[in-house]
Each structure stands twice: as C-alpha cells, then as structure tokens.
Amino acid sequence: QVQLVESGGGLVQAGGSLRLSCAASGRASSSHAMGWFRQAPGKAREFVAAITWSVGSTYYADSVKGRFTISRDNAKKMVYLQMDSLKPEDTAKYYCAATGRAGRYYSTTDYDYWGQGTQVTVSS
C-alpha cells in the first residue's frame with residue numbers, strides 16, 4: 001500500500017519560514033523521485049520542487065528558486081521542503097507526490113502517488 005503523509009503546514013507572516021515534511025511508505029518509498037506541488041483556491045495544482053532519491057538531483061519552479069530548498073533522508077524515507085522568505089502568494093495547500101519515471105518531474109501527470117496535502121497560509 002502506498003502512503004504519503006505531509007506535515008508542517010501552518011500560518012506564518014510574510015518573510016517567515018516553514019518546513020514541510022513528507023513521509024513515504026509502501027511503493028512510494030521505492031519511487032524514483034519525490035515532488036512538492038501546491039494548489040491555491042481556484043487555481044490549478046502547480047509544480048514547486050522535486051528531488052531524486054538516488055543522486056539527490058533537485059528541480060525548482062522559478063517562483064521559488066532561492067527561497068525554497070528540497071531535501072531528502074533516504075534512510076528515513078522522508079522528503080522536506082524548507083520554505084524561507086515566504087510571500088502571501090505562497091499561500092496554498094502543499095502536496096507531496098512520488099514518481100517512478102526518470103527525467104519527468106514538472107507535471108502532475110508525471111506522478112503516480114499523492115499525499116492528502118498540508119495547508120500553508122502566509123499573512124501580509
């Protein structure tokens with residue numbers, strides 16, 4: 001059984017930081033890469049960042065480059081998203097996802113498994 005569980009969301013002021021965590025189990029833990037996506041009300045789900053389990057290669061959306069950092073702990077099968085210099089436009093529900101495909105990380109259709117999401121709200 002596949003399971004992805006996110007945690008770490010909350011309310012923070014603009015300029016603040018949050019660290020999201022995603023615990024992978026089951027088939028998700030043997031995937032090729034993990035990604036973070038976000039979805040604001042009335043908007044499509046969008047790519048935020050991705051990381052490969054083996055090499056640790058990272059990929060970021062332009063909107064978060066330099067502010068967000070994705071990392072992983074292979075032993076614990078955990079993926080993290082450190083979010084700094086948060087802006088009100090970062091407000092969204094953040095989802096963790098797993099993919100078995102190499103080289104394709106930016107689209108929701110590239111991912112096989114999804115968590116339930118964690119809410120991040122940034123106040124101005």
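Position 1 is the first residue of the sequence; numbering continues from there. Both backbone and side-chain heavy atoms feed into the values below; hydrogens, waters and symmetry mates do not.
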**Close side-chain approach of Tyr95 to Leu4, heavy-atom, < 4.5 Å** =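 Contact flag for Tyr95/Leu4 side chains = no.
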
**Prompt:** Does the side chain of Trp114 come within less than 4.5 Å of Arg45's, by heavy atoms?
**Reply:**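 Side-chain contact under 4.5 Å: yes.
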
I'd like to know if the side chain of [X] reaches the main chain of [Y], judged simply by a donor and an acceptor atom lying under 3.5 Å from each other, with no hydrogens or angles considered.
X	Y	value
Ser57	Thr52	no
Glu6	Gln116	yes
Arg72	Ser54	yes
Tyr111	Tyr105	yes
Tyr60	Ile70	yes
Thr99	Asp110	yes

Could you give the distance from [atom1] ([X]) to [atom2] ([Y]), rounded to the nearest 0.5 Å?
X	Y	atom1	atom2	value
Arg19	Ser71	CZ	OG	6.0 Å
Thr69	Met83	OG1	CE	11.0 Å
Ser85	Arg67	OG	CZ	7.0 Å
Arg104	Thr109	CZ	OG1	6.0 Å

**Message:** Please identify which of these residues, Thr121, Val120, Val122, Asp84, meets the side chain to side chain contact (heavy atoms under 4.5 Å, CB included) condition with Leu18.
**Reply:**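 The single option meeting the side chain to side chain contact (heavy atoms under 4.5 Å, CB included) with Leu18 is Val120.
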
**Prompt:** Pick from Met34, Met78, Lys77: which one makes a side chain to side chain contact (heavy atoms under 4.5 Å, CB included) with Cys22?
**Reply:**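 Single side chain to side chain contact (heavy atoms under 4.5 Å, CB included) partner of Cys22 among Met34, Met78, Lys77: Met34.
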
Least distance between heavy atoms, [X] atom then [Y] atom:
X	Y	answer
Ala92	Arg38	CB-CB, 3.8 Å
Ser21	Tyr80	OG-CD2, 3.4 Å
Lys76	Asp73	N-OD1, 3.1 Å
Leu81	Ala49	CD1-CB, 4.2 Å

**Message:** Determine whether Leu11 and Gln119 satisfy the following criterion, side chain to side chain contact (heavy atoms under 4.5 Å, CB included), listing intermediate values before the conclusion.
**Reply:** CA-CA 8 Å; Leu11 173 64; Gln119 179 68 37; over 6 Å; no

**Request:** Specify whether Phe68 and Tyr94 have parallel, tilted or perpendicular ring planes, treating 30° as the upper limit for parallel and 60° as the lower limit for perpendicular.
**Result:**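 Taking Tyr94 first and then Phe68, their aromatic rings sit tilted (interplane angle of 30° to 60°).
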
**Asked** With the threshold set at 4.0 Å, does a side-chain nitrogen-carboxylate oxygen contact exist between Lys87 and Asp90?
**Response**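 Answer for the salt bridge query: no.
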
